[in-house]
Amino acid sequence: MTKELRSNFHDQLAEIGEGIARMSAGVTELVPRSTQILLDGDLEAAEYVILGDDEYDATSIVFEERCFRVIALQAPVASDLRSLVSAIKIIADVERSADLCVNICKAARRIYGHELDANLRGVIQKMGDQATVLFKEATEAYLNLDGPRAAALHDMDSYLDDLQRQFIQIIFESHAAGNIDLQVAVQLAVVARFFERIGDHAVNVGDRVRYIVDGWVPAHPYAESDNEPPDVVDAGVDSGVDADGG
Amino acid sequence: MALVLVLLIGVVVGGAIGVLIARRAGRSRDDRGRAGSHGEPLKDDIPLSVDVDRETDAELARGLRSAVDRLQMGVVMCDATLKTTYRNAAANALIGTHGGVIVDAHLQQLFTDTQNGEPAGSIVELQGPPKTTFSIEAMPIPDGGAVATVEDISERVRIDSMRTDFVANISHELKTPVGAIAVLAEMLADEPDPTMINTLSSRVVDESHRAARTIDDLLELSRIESSHRLDDAVDLDTVVAEAVARGRMAADGRRVEVESIEAPDQVWIRADRPQLSSAIGNLVENAVKYSDDGGLVQVRIRRNERWVEVMVADQGVGIPAADLDRVFERFYRVDKARARQTGGTGLGLAIVRHVANNHGGVVSVQSKEGEGSTFAFRLPARLIVERPAETAPSGSRTTLLPTKVSMPDE
C-alpha cells in the first residue's frame, strides 16, 4: 500500500518535471523565432506566436496547481520538496519569458515597414542568439539536474547585458544620423530590454536548478542573520553589511 | 554417559545419511553433464526444439537490437498504455536536450493518435542554430502499442528549397533584363528625340550586357562543375596580387582600401589557374562591392601543415545570420535591391564554392551584420608543389597585370 502511494507520488513528480521541461523547451524555440520575426517583419508568424501564448498561460496554471496539490497531499521533504518549490518558481520564469517573446513580436508589428541599419540588425541577432543559448542551457540544466551547467549561466548573462548596453548606444547613433525616427528608436530600446529580461529569467531558472541539486541559494548580505531584512528606511544602501555584522 | 553415547550415534548416522544424499545428487549431476557434453538428447527434459527456439529468439532479439541501434534514424516503441518501452541509440541521443523534449512531446501525441489504428506523422522544426527538421512517423502495432521513427531531414529540406529557389531565381535573373529590353525597344520605336534615343539605346545595351553576363557566369559555372584539370603550377601570390588589382578597380569611385598581407614564403600549388584566379577574384570583388566608403579589405595567405588558406576580410554590411549558410547557392541574394546596384550576377560565390570543391578544398564564411564578413578559401596542403625551375625569378611576382581579364563590371 505505502509502496503504491510512493510510486504514485514519484510519477506525479516526474509528470510535473516533464511538463515544465516541455514548456521551457518550447520557449527555447520561441526566442529565436521571435528574433527572426522581428528581423524579417513577418507579421503572420508574429500573430501565431501571440495567439500561442494562451497555451503557455494555461499550462503554467495547470502545473502550478499540481505542485500545490502534491505539496498539500504528500507532504514531501528534502530534495522532493526543493524540486516542487523550485518548480513553482521556474514555471513563473518560463511563463514570463513566453510573454516577453510575445512582446518582441508585438514590437515587430509596431516597427513594421521601417528599415533598420545593418549594425542594429546585427546586434539584435546577437542578442537573440545569446538569449536563446541562455534559455537552452537553463532548460537542459533543469532536464539533467546539472548544477555546474546552471552555475555557468551568470557569466553568459553578463554578455547579454553588455550587448544590451551596446545596442542602446547604436540606437542613439542611428537616430542621430537620421536613419530611424524616435518611435522606432524607443521600440527598439524596449526590445533590447525584453531580451535582457529573458536572459535574467534563464539565470533564475539556473539558480533554482542549483537549489534543487544541492540546496544552494544566492548569497545575500543578510542571509545569515535569521533572515531578517535590514532596516532599509534608516540605513540606506550599506545596511546589508551592517545587518550581517550584527 | 548414556546421553553422550546417544549423541555420538546420532552424529555418525546423520553424517552417513548426509554423505549418501550428497553422492547421489553428485552422480545424477555428472550423468546429465556427460550426456550433454556428448550431444545426446536428454530424454526426460523439456523437448530440445523449444530450447533452441528460445535461444535463437533471444539471439535474434539481441541481433535486432544491435542492428536497430546502428540506424541513423531514431526508433521508439510504446506499449498499449502508451508507455515508452524501447528507444534505440539514435533516439536516446536526443534525451537531455531541449530538442529531445520537443520531439518527445510530439511522439506522445502521435502515439495517442495511432490508437485509432491509423498511422500518424508530423514534422518538427527546430530553430537551431543549426536549423534542424525532424520527420516523425508513428505506426500502430496490431498487438497494441505503436512504433515510431524519428528522422533528421534537415539536409533534404535544405536541398529541396535550394532546387525550387534555383528555378525561380534563374527565370527571374534572365527575365528581368529581357523584359527591360522589350519595353525599351518599344519606346525606341516611337521616339523622335535623338538625345532620348541615345539614352534609351544605351540602356538597351546595358541590359543586354547584363543578360549576357548572367549567361556567361552560368556557362563558367557549368564548365567548372564538370572540369577537374589540376595540372598548372600556380603561384598563389601572383593570383592574389591580380585579384587585388582587379578589386581596386571594382571600387568604382568609392574609397575602399584593398591590402594584401603576403605569406612569409611564396606558395606554389597544383591547381587549375583560370579557376583559381576566378574564385579569388570573385571573393575580392565581392568584398569591395559590399564595403562602405572608407572601408578596408584585407587579403591574406596563410598556411599550416594541413591547409593553404586565402582569407578575404571586409568591414562592410555583413550577412544576416539567417542567410549565412545559403550565400554559396546559385542566385541566392541577401538583399535583392542592393544586388541590382552592385550589378553582380548572383553566381560569384557559387563559382567560388565549386572551384574549392574541385580542388578538394572548402570555402567558409564568418560574418556579423554591420561588422563585415570574412571568407576563407582553403585548399588542402597536398596541392603544394616545389617551385618549378623554369619559371622566372621572383621579379614576376610583382606583375599586377591579370593574365585573363574577366571583368564583369566594365
Side-chain angles (χ1 to χ4, degrees), chain A residues 11 14-15 17-40 42 45 59 94 101 115-129 132-146 149 163 166-167 170 173-174 202, chain B residues 81-84 92-109 111 123-134 289-293 295 314-326 334-338 342 365-374:
Chain A
D11 283 351
E15 241 171 64
E18 197 174 304
I20 292 172
R22 275 185 196 175
M23 269 177 77
S24 190
V27 174
T28 307
E29 285 295 296
L30 217 49
V31 178
R33 191 166 299 158
S34 310
T35 311
Q36 213 49 53
I37 286 169
L38 182 70
L39 288 173
D40 297 347
D42 186 345
T59 321
V94 172
C101 291
E115 279 288 308
L116 301 181
D117 290 358
N119 49 0
L120 277 176
R121 294 171 57 86
V123 181
I124 291 177
Q125 182 77 57
K126 274 200 226 167
M127 286 193 299
D129 287 351
T132 309
V133 170
L134 271 157
F135 226 90
K136 185 175 154 67
E137 285 300 305
T139 306
E140 294 182 0
Y142 177 69
L143 208 54
N144 303 311
L145 290 181
D146 188 340
R149 210 164 159 189
L163 281 176
Q166 190 190 334
F167 186 64
I170 297 173
E173 284 164 19
S174 186
Chain B
T81 62
L82 302 184
K83 221 171 142 190
T84 306
N92 273 331
L94 283 171
I95 289 181
T97 65
H98 92 279
V101 172
I102 292 172
V103 167
D104 276 359
H106 280 258
L107 274 173
Q108 205 65 49
Q109 182 58 45
F111 281 151
I123 302 280
V124 181
E125 277 176 10
L126 298 180
Q127 296 286 317
K131 237 180 179 148
T132 321
T133 314
F134 288 105
K289 274 186 206 160
Y290 287 98
S291 283
D292 295 322
D293 199 27
D314 67 56
Q315 303 168 340
V317 288
I319 302 164
D323 300 306
L324 213 49
D325 48 352
R326 301 199 60 187
V334 171
D335 181 349
K336 296 216 161 49
R338 196 178 169 113
T342 50
V365 58
Q366 282 189 325
S367 184
K368 282 274 188 272
E369 229 183 333
E371 288 178 13
S373 315
T374 302

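By convention in this document, chain letters (A, B, ...) are assigned in the order of the sequence lines, proteins followed by strands, and residues within each chain are numbered from 1. Predicted, not measured: the structure shown is a model, and the values here were computed from it. Values reported hereafter were calculated over all heavy atoms of this structure, with side chains retained and with hydrogens, waters and symmetry mates removed.
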Test salt bridge (Lys or Arg N to Asp or Glu O under 4.0 Å) applied to A/Glu18 - qualifying residues, sequence neighbours left out: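 Once residues adjacent in sequence are excluded, the partners of A/Glu18 under the salt bridge (Lys or Arg N to Asp or Glu O under 4.0 Å) criterion are A/Arg22.
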A/Arg121: partners by salt bridge (Lys or Arg N to Asp or Glu O under 4.0 Å), with sequence neighbours left out: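 In terms of salt bridge (Lys or Arg N to Asp or Glu O under 4.0 Å), with neighbours along the sequence ignored, A/Arg121 is linked to B/Glu369.
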Within-4.5 Å side-chain heavy-atom neighbours: B/Glu371 and A/Asn119: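 No, too far: nothing below the 4.5 Å cut-off.
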Check: A/Thr132 and B/Gln127 side chains under 4.5 Å, non-hydrogen atoms: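 No, side chains not in contact.
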Show the nearest heavy-atom pair for residues [X] and [Y], with the distance to one decimal.
X	Y	answer
A/Arg33	B/Glu125	NH2-O, 4.0 Å
A/Ala118	B/Val317	CB-O, 3.7 Å
B/Thr97	A/Leu143	O-CD2, 3.6 Å

Residue, of B/Gly100, B/Gly370, B/Gly99, B/Gly96, that accumulates the most heavy atom pairs under 4.5 Å with chain A: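 When all of B/Gly100, B/Gly370, B/Gly99, B/Gly96 are compared, B/Gly96 has the most.
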B/Lys368, NZ: over 12 other non-hydrogen atoms inside 6.0 angstrom: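 Check fails, neighbour count at 12 or below.
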Region of A/Gln125 that comes under 4.5 Å of a non-hydrogen atom in chain B: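 Only the side chain of A/Gln125 comes within 4.5 Å of chain B.
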